[in-house]
Every structure is written in structure tokens, then in C-alpha cells.
Protein chains: 4
Amino acid sequence: MSVQTRGRLLRAAKKVFSEKGYYNAQISHIIDTAGVARGTFYLYFKSKEEILKEILKEVVSELRVRIKVIDLKRDPVDQIVENIQRVLDFALEEKELARIVLQRNCDPKLFSTIEEFFDEVTSMVENSLRKGIDLGLLRECDTSVLAKALIGAVKEVIVGLLDKKDVDTKKVARDLVDLGLRGIWKGGESYGGFRAV
Amino acid sequence: MSVQTRGRLLRAAKKVFSEKGYYNAQISHIIDTAGVARGTFYLYFKSKEEILKEILKEVVSELRVRIKVIDLKRDPVDQIVENIQRVLDFALEEKELARIVLQRNCDPKLFSTIEEFFDEVTSMVENSLRKGIDLGLLRECDTSVLAKALIGAVKEVIVGLLDKKDVDTKKVARDLVDLGLRGIWKGGESYGGFRAV
Amino acid sequence: MSVQTRGRLLRAAKKVFSEKGYYNAQISHIIDTAGVARGTFYLYFKSKEEILKEILKEVVSELRVRIKVIDLKRDPVDQIVENIQRVLDFALEEKELARIVLQRNCDPKLFSTIEEFFDEVTSMVENSLRKGIDLGLLRECDTSVLAKALIGAVKEVIVGLLDKKDVDTKKVARDLVDLGLRGIWKGGESYGGFRAV
Amino acid sequence: MSVQTRGRLLRAAKKVFSEKGYYNAQISHIIDTAGVARGTFYLYFKSKEEILKEILKEVVSELRVRIKVIDLKRDPVDQIVENIQRVLDFALEEKELARIVLQRNCDPKLFSTIEEFFDEVTSMVENSLRKGIDLGLLRECDTSVLAKALIGAVKEVIVGLLDKKDVDTKKVARDLVDLGLRGIWKGGESYGGFRAV
DNA sequence: AATGAATGAGTGTTCATTCAT
DNA sequence: TATGAATGAACACTCATTCAT
């Protein structure tokens, strides 16, 4: 077992999956990209499905590293911003992975690893919201809905960033947190006179 | 050409696509569900791809009906809430369609109809944001990022609602608008002391 | 049973078969060309194969009319020329039929009618050759080979004429007979010094 | 890519095409005859159409080898006889190929290779005829008609030979050339008293 | 550790034919 | 006499996987 060959296959698969999506990706594409014989593929991975899951596992474990638990001794908002920024940075460093995870979540069975991770993160956010409400810092709200909204916002923004260059991830992270915390309304509590859309 | 048969095929395809995803869906599944012979399918649709596109077109045209242009004589916030509510209602009335559109956006080529529509809606939102800023109602912000964030929030929330029963769509729509406009922060402008996540 | 409808179908089939060949011709093409419903086709013909055979029968019976038995009281060469000319005229009047018969003789089973007819004509020619030899008019030769050669020559020439306009069939018929009887050699019996090709 | 397997497939296809014709030939027949799995076929040939074209190309290239340019230093008539003999020999060595090429020229698109080759040979013959006329060796005649007639004669004769055994190809070739050069008429220039057919 | 020829189950699509109206 | 919606057997082609070398 050569670690190099395994690495080449993984890299090739990331590229091919991100470009064509799982179903349109063929083993032929992957081995051609990796410069490896057909049989070699099955020396390292049991199946096409397995190499995808391997890749998804990597993504999840990397995200687990980048999303750090909030340290209560420091300003939590700063830490939320930093967490989001690190996620954005990862997405932009590994655009192919981001594309696989965010744009082509075809089959729930295949992407269960990812879905479960997202569910987990959503739960974390939901718990945080509840804590904030209990502490009187956040408004009373449907935490289950709001948690999903926040996650969805981040996901969609990342997809949008994948095609851009020289993104200021810190700023984007701040904007997102700002949106979540303060909203976009300027004039305080009441917005009865809003005239747009 | 019988409108009934066409309808049965469309209904069957929605069901099968939503349950299995486009690639795992087989013509056999569709025609078995529709209770129709194999040849009949191709009497009404040129290919598996075409029936999917037909379905996506329907979704888009229904969404276009439900998302109404803001009437400047009435409170725009109310109208935004109503628009979102109508979209949520549609998603819950046609859960299968929602699942197809939101969970299995596999292949950009196949789902271009949908992607284009979402791009369009995102642009609408972005324009509204700009107007609001110009009128001094909304805070200065990166409209392109925020528009995506808002769309992403709604999408993710819808996905979350698909498995729930007796959803109060009006309340969810209000919560979403509230999140977008006021944020979740209770204590006014500054949130330096937040202690959560 | 309307004779008109039957005629329309036959005409349509001739056109379609000659343009696309038997296998590429579809019932759809025929009924569209005939301006008749699908079911109507099967009211008049048992199958696609049957309508082809019907057409081939027509060809054969028409050829039987045009190829007249040699009347020994008149110059036989003149009559051979006339026979060939009438065949050429038929081919040019009914180019579609000629194309079906001569260019697309795909399947021996399908075209047995035609093959049998050609075999029959070949036999006729062979018998005539033998008679001519017995009478001392024609050279000793392998009649079976020569008969085929003569038939083949006529067939190929007809195919060549189908794309031409204003063909002088009388002249072509004479040229063919001349070729068969005298050959193309100018200088009598010996041609040892030929210098061409 | 194994040359052997490719060869087995080609041989099998020749057999099947010649027995059933292109349209009635199924991939199943070919692979069963070749003793090879379905997928293997597509490893060597893109499609059913492609393997046919491959076969036709082979035929044409073999014919190009066997039909030699006339060497002006030797007796051209001898060389014409030899050319025809070599073509007859090839047809009898590879009866299957001959059947494919001569009996089942179904679809102009499929058989374009062959048609073009025949057109080419026809042109060659036509040019030779013109030269012969210019040199005063051959009678004035419609070279375009005569060239086709000669080619047609050879084709039809070959078809006739396919079912025979122990054919003396040299003799047949001579008979054909004799027919073309001298005709079958015994009594010199005039044949007004012919009494046959 | 690597190769690549071979496999064969699986699937979308076609099209001649039927039959209820 | 005519219609056209429905049928389903048939077939070309794909591609993940295996295995002898």
C-alpha cells in the first residue's frame, strides 16, 4: 500500500466529483486523472461509494478541527466570527470539497456523513441560542427554526464565494454574524414603515 | 394524448424522484407507480431528463405566482412575510417537489432551471436591500452576501419543515423576517458581552 | 376498405422506403406521409413487411408486362433493345421503386420476390444465349456466367441513371446491347496489343 | 487491448453480418459467436455501426491491394484479366465479406465507404475506356454507361459464384473480359439476323 | 504493489402492433 | 371505416467491479 498512490486517487476523486458530481463521475475519470491503472483503484478503495465517503469523512474531521468550542473567558461573538471565518477559509482553500459537499448533495444515503455533521452543528447552534435566551441576551424565538436559518445562510454564502477571488473572509464572517445578531434594520425595534423589496 | 396519463406520469415521477433522487430513479419505477406501460412514458416525455425538467419548470412557474411583487401602498414587511409564507405553504403542500428541488440538486445541467430561478430571486432580494439602504431604512451592508444569506436561510428552514406536521407557516415566516430585520440580539446595538455557543 | 386510402399508403410507403430504406423506415413516417391514422395502416396491411412485399409484387408484375417475349418474326435484337428500353423507362418513371429494388436489397427473406424474379429473368437470358449458340449465332461461352453479367450490367446502369435528367433510354438500351453483342473492341478478333486501363 | 480478441470479434461480426444482414444482426449474436462478454465488444468497437465500417474499410483496402495499376509494358488485357481474377479470388476466399458488400448494401450512410470505392473503380474504368478510344483501340461509346455496365457485370457474377464450388476464377475472368471486348456475337459487325431471347 | 483485459447485470429508449372507441 | 392511446418485447450501450498476470 503506497500512501502516495492513495493520495493521488483521493485528490483525483475530489477533482472529478466536484466537477461532474458523484453520479456523472466515472472510475475511468478518476484513474485517468490519478494516472493509475484500473485495478489499482480497487486496491485502495472498495468501491466508488467508499472513496466518496472517505472524502466526506475528511471534510467533517477538518471542519471539527476548525470549529472550536467557545471559550467562555473570551468574547463569544469574536469567537463565533472566528469559527465562521475558519470555515470560510477552509471552503476557499478546498473549493472542490466545498462544491462536493454543498452543491451536489444528491443522495441522502451517500451523504449521510455530511448530513449528520450538519445536524450536529445545527444542534450546537440551537443549544447556544437557548443559552443566550436563558441568559437574557437573546430574544425569545423558535430556536429550531433560527438555528437552521443561520446554518443555511452560511452554506449559501459559501457557495456564492466559491466563484469569487480575493475574498475577505473576516469581513464576510462579521457581516454574517451582524446579520444574525442585529439584523439589517436600521431604526430600532419597529419597522412598520419599511418601503422596499 | 391523454391529459390524465400525462398527469399520472408527472405525479409518479415527482414521487419517485423525491424518494430516490434523479439518478437512482428508474423509468421502471415511474411507470410502475403510474401504472402505465413502458412505451407510454415515451409518448409523453422524450426522456427521463425531460420529465425532470418539466417538473422543475412547474415548480418555478408556481413559485413565480406565489412570490408577489411588493405593492408600495401597503406595508412591505407584511408583504415579505406573506411571500415567504406562500413559499413555505407551497413547499409543505408539495413536499415531494420541495425535496427534489432542495435536497437533490445534483447536476447543474439538469437543475439549471432551478438555479437560474434562485439566482433571479437572489437578485430581487439584493435590489430590495439596496433600495432599503438608499432610503436610509437599512444598514449599510454587503448586499450580495446578505441576499445569499437570506435565501439560504429560507431554503434550509424549508428543508427542516418537510418532516414536521402542523407547521404554523405564518409564524415561521415572521420569525425569519424578524431574524433578518432585527437579528436575535436583545440588547440594542452593542453585543460585546454575549456568552454562548 | 377504401381503395384511395390503400393507394395513399402504398404511395407513402414507396416514398419512405426509397428514401430511408426498409429498416430505417418507420410506420410513423409512412402514416404521416399518407396523412392517415396509425390504426388505419393495419386495416390495409398486416405488417410493415407485408406492405413492402406488396410493393415488390407490383414491381415484378409491371416488369412482367414490360418485358415482352421475343417474337421470332421480327428482328430479335430490336426487340431486346425495346425490352431493355421499357425496363429503363419504368425505372425512370418510378425512381422510388427502382431505388427500393436496386439499392436496398437488404434482406434476402424480405426481397425474395425480387430475387426470384431476377433469377427467372436470368434463366430467360441464359436460355436465349444457349439458343443463340445452338443456332451458331453466338460464340460458345459459359452461359450461366454471361447471363448474370448481362443482368448485372443492366442493373448497375439503371442505378446510375436514377440521378440523371433527360436520359435517352433508347440510346442507352442500344449501347448496352451493343456492348453485349459486339463488345467494345474495335479491331476484330484479336486484341493482343491493347494498351489502356 | 488484445489483438486476438479484436480479431475474434471482427471474424464473428463478418459471419453474423453476412448471415443476417446488418439490421438483423444483434450484438448478442456477435459476442456469442466470438465467445466474449458484452462489455468486451465495446472495449474494441464504439458501436455496432463502427465494427461494420471497420470491416468495410478492410475490404476496400484489400481490394486496393488486389487491383493493380496496369503496367504499360505488358499486355493490358492480361492484366485486366488478372485484376478481375484476383478480385474473384478474394470474394471466394472471403465469401462472408463479399456477401456483406454485395448483397446487403442497405444504408447509404453505413456503406458509404464501399460506395465511394465502387465509384472510384468506376471512374478508373471510365478513364481507361476513354484512353482506349483515344488510341483508336476501342469503339466510340458512352463511357459513363459502359463503365457502370462492366462493374455491374462483375458484381453480379461474383454474387452468382458465392454458392458454387471449385470455381475456375481464371476462366470466369477471361469470359468476362471476352464479353466486354468482343461481345457474344459471332458473325462480325452486323447482327441483324439474330434469332434468340 | 500494480496492471488492464474481461465481465455482465442493469437501464434508457425504440417501434411495430393492438384494441377500445 | 377510421382513430390514436396504449402496449411491451427487444436491443444497444454503460460502467462498476473482478482477477489472472
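Since this is a predicted model, take the numbers as computed values, not measurements. Below, chains carry the letters A, B, ... as their sequence lines are ordered, and counting in each starts from 1.
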Query raised in the report: Does B:T40 reach the main-chain N or O of B:V36 with its side chain, forming a donor-acceptor pair under 3.5 Å?
Result: no
Query raised in the report: Is the side chain of A:E94 donor-acceptor paired with the backbone N or O of A:F90 at a distance under 3.5 Å, no angle test?
Result: no
Query - Atom-to-atom span, CD1 of B:I27 to C1' of F:dG8 - whole angstrom - result: 15 Å
Query - Spacing of B:Q26 atom CD relative to E:dT13 atom P, expressed in whole Å - result: 12 Å
**Report entry** Consecutive-pair stems (3 or more, Watson-Crick or G-U, under 3.5 Å) for DNA chain F
**Finding:** E:2-21 with F:2-21
Query - C:R38 side chain, from C-beta outward: closest of E:dG4, F:dC11, F:dA6 - result: F:dA6
Query raised in the report: Does NZ or CZ of B:K155 fall inside the cone over B:F118's six-membered ring, less than 6.0 Å from its centre and within 45° of the axis?
Result: yes
Query raised in the report: Rounding to a whole Å, what distance do you find between D:L52:CG and F:dA12:P?
Result: 13 Å
Report task. With the side chain of A:S2 defined as its heavy atoms from C-beta on, choose the nearest nucleotide among F:dT3, F:dA5, E:dA2. Result -> E:dA2
Report summary line: ring-ring contact (aromatic ring centres under 6.0 Å, His included) with C:F17: of C:Y23, C:F111, C:Y22, only one passes, and it is C:Y22
**Report entry** Length of the line joining A:L110:CG and F:dA16:P, which is rounded to integer Å
**Finding:** 13 Å
**Report entry** Closest-nucleotide 5' rank along DNA chain F - winner of A:K46 and B:L43
**Finding:** B:L43
Report task. With the side chain of B:S47 defined as its heavy atoms from C-beta on, choose the nearest nucleotide among E:dT18, E:dT13, F:dG4. Result -> E:dT13
Query raised in the report: At under 4.0 Å between heavy atoms, what does A:F45 touch on the DNA or RNA strands: base, sugar-phosphate, or nothing?
Result: nothing
Query raised in the report: Between A:E50 (CD) and F:dT17 (P), how many Å, whole number?
Result: 10 Å
Report summary line: Closest of F:dA12, F:dT17, E:dT17 to the D:Y42 side chain is F:dA12
**Report entry** Which nucleotide in F:dA2, F:dA12, F:dA16 has an atom nearest any side-chain atom of C:Y44
**Finding:** F:dA2
Report summary line: Quick note, B:V36 side chain, CB onward, closest among F:dA16, F:dT7, E:dT7 is F:dT7
Report task. Calculate the interatomic distance between A:L9 atom CG and E:dA2 atom C1'; express it in whole Å. Result -> 12 Å
Query raised in the report: Where the side chain of A:T40 is defined as all heavy atoms beyond and including C-beta, which of E:dA6, F:dA16, E:dT3 is the nearest nucleotide?
Result: E:dT3
